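Okay, so here's the structure we're looking at.
In what follows, every heavy atom counts, from backbone to side chain, and hydrogens, waters and symmetry copies are set aside. No experiment lies behind these values; they were computed from the predicted model shown.
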Amino acid sequence: MPLDPKAADYTLSGLRPFPVAVTTIHEGRANGLMSLSAGSGGIVPEAPRVTISLTKYNLTHDLVLNSGVFAMHLLAASPEPALDASLRILMGLGGSSGRDGDKMAQFDTKPGVTGSPILLDALSYVEGRVVGTLDAEENTIFLADVVGAERLREGERLRIGEAWGRLPKEWIGRYEANHVPQLENARRNRGLAG
């Protein structure tokens, strides 16, 4: 039976309902991005781990690879002012490349225990020190020991479907256009470009 990409997307996209903001710092350069591929990396409650998968096209990938540290933030869906702040984070980190300018200056942050910027308008975060990587051609999967964590406010976690439904159509158009070179780079890295 041939691969049905739509069936695969249906199954796999259901595994990543929460967009996360990933921030890092290396040699004084801070950056961040939005990801749908973060998760728990272990089962030992007193020694938690976190995983993130970052495409090699992104500056944040290179900074995490070189620094070995990052912060992974959940965004808030409620109350309404927190949702507005979450959408600003999503658009600010997901709408452009850090190679084009400082994406972090627009946000209120504090340095975490790893030095990674902590987004003060997030719902919660964990900070990680990388203990292992897996080179997956188009991306790198990072496994990190959690070395810091904080719940910054009460509220519900923002789901990607809800976020996408609230984002301005113009921004979604720009995002989709900016995503094309990333997809092309991922295809080349996997030997899929024609």
Side-chain angles (χ1 to χ4, degrees), residues 3 5-26 31-43 48-77 86-87 89-99 103 112 114 116-119 122-147 149 157-165 167 172 175-176 178-190 192:
L3 173 65
K6 287 185 180 181
D9 183 59
Y10 172 80
T11 302
L12 297 174
S13 66
L15 299 176
R16 49 182 199 237
F18 302 109
V20 297
V22 177
T23 60
T24 190
I25 192 164
H26 178 64
N31 202 51
L33 56 66
M34 294 303 303
S35 175
L36 288 172
S37 57
S40 176
I43 64 168
R49 286 184 161 171
V50 60
T51 63
I52 58 171
S53 173
L54 302 176
T55 59
K56 293 179 179 179
Y57 184 81
N58 293 306
L59 174 63
T60 300
H61 168 276
D62 298 345
L63 296 178
V64 171
L65 191 64
N66 290 317
S67 69
V69 298
F70 63 88
M72 187 276 299
H73 307 75
L74 283 174
L75 303 179
S86 294
L87 295 175
I89 291 170
L90 197 151
M91 289 188 292
L93 295 182
S96 63
S97 171
R99 289 184 176 89
K103 295 196 310 186
T114 65
S116 297
I118 303 303
L119 297 165
L123 177 66
S124 62
Y125 70 89
V126 296
E127 281 187 88
R129 287 195 195 282
V130 175
V131 296
T133 61
L134 173 63
D135 184 324
E137 299 170 332
E138 70 186 78
N139 59 347
T140 302
I141 300 167
F142 297 92
L143 173 66
D145 284 335
V146 173
V147 296
R157 298 173 189 165
L158 180 64
R159 293 178 171 273
I160 191 59
E162 179 182 2
W164 212 251
L167 292 168
I172 291 173
Y175 169 84
E176 289 173 349
N178 290 339
H179 196 61
V180 170
Q182 183 173 329
L183 284 172
E184 290 171 351
N185 181 267
R187 287 183 179 110
R188 278 193 302 278
N189 286 342
R190 289 186 53 194
L192 300 172

Partner of Glu127 by side chain to side chain donor-acceptor pair (under 3.5 Å), out of Thr114, Thr24, Thr23: Thr114
Test item: Leu93 and Thr60 side chains (from C-beta on) under 4.5 Å apart, heavy atoms: no
Rounded distance [0.5 Å steps], OG in Ser35 versus CG in Leu54: 6.0 Å
Gly95 backbone acceptor or donor facing Asn178 side chain under 3.5 Å: yes
Aromatic plane relationship, His73 with Tyr125 - under 30° parallel, 30 to 60° tilted, over 60° perpendicular: tilted
Spacing of CG belonging to Leu33 relative to OG belonging to Ser96, to within rounding of 0.5 Å: 10.5 Å
Side chain proximity check, Tyr57 to Leu183, heavy atoms < 4.5 angstrom: no
Closest contact, heavy atoms only, Ser97 versus Lys103: C-CD, 4.0 Å
Results of side-chain hydrogen bond (donor to acceptor under 3.5 Å, both in side chains) for Arg159 - residues two or more places apart only: none
Sequence neighbours excluded - salt bridge (Lys or Arg N to Asp or Glu O under 4.0 Å) pairs with any residue from residues 52-65: Lys56-Asp135, Asp62-Arg99
Nearest-0.5 Å distance, NE2 of residue His61 to CD1 of residue Ile52: 9.5 Å
Side chain proximity check, Leu143 to Thr51, heavy atoms < 4.5 angstrom: yes
Minimum side-chain heavy-atom gap Leu158-Leu74 below 4.5 Å: no
Distance, nearest 0.5 Å, that separates CD1 of Ile160 from CG of Leu36: 5.0 Å
Ser86 OG to Leu123 CG distance, which is reported to the nearest 0.5 Å: 7.5 Å
Contact summary for Gly42 and Ser40, nearest pair of heavy atoms: O-OG, 3.1 Å
Heavy-atom check, side chain of Met34 versus side chain of Leu75, under 4.5 Å: yes
Polar side chain donor-acceptor pair, Thr55 to Gln182, under 3.5 angstrom: yes
side-chain hydrogen bond (donor to acceptor under 3.5 Å, both in side chains) partners of His26, counting only residues at least two apart: none
Distance, nearest 0.5 Å, that separates CD1 of Ile25 from OG of Ser67: 8.5 Å
Over all atoms of both residues, closest heavy-atom pair of Asn31 and Gly98: OD1-CA, 3.3 Å
Distance-minimising heavy-atom pair for Ser37 and Ser53: OG-O, 2.9 Å
Pairwise side-chain contact, Phe70 with Leu63, heavy-atom cut-off 4.5 Å (strictly under): no
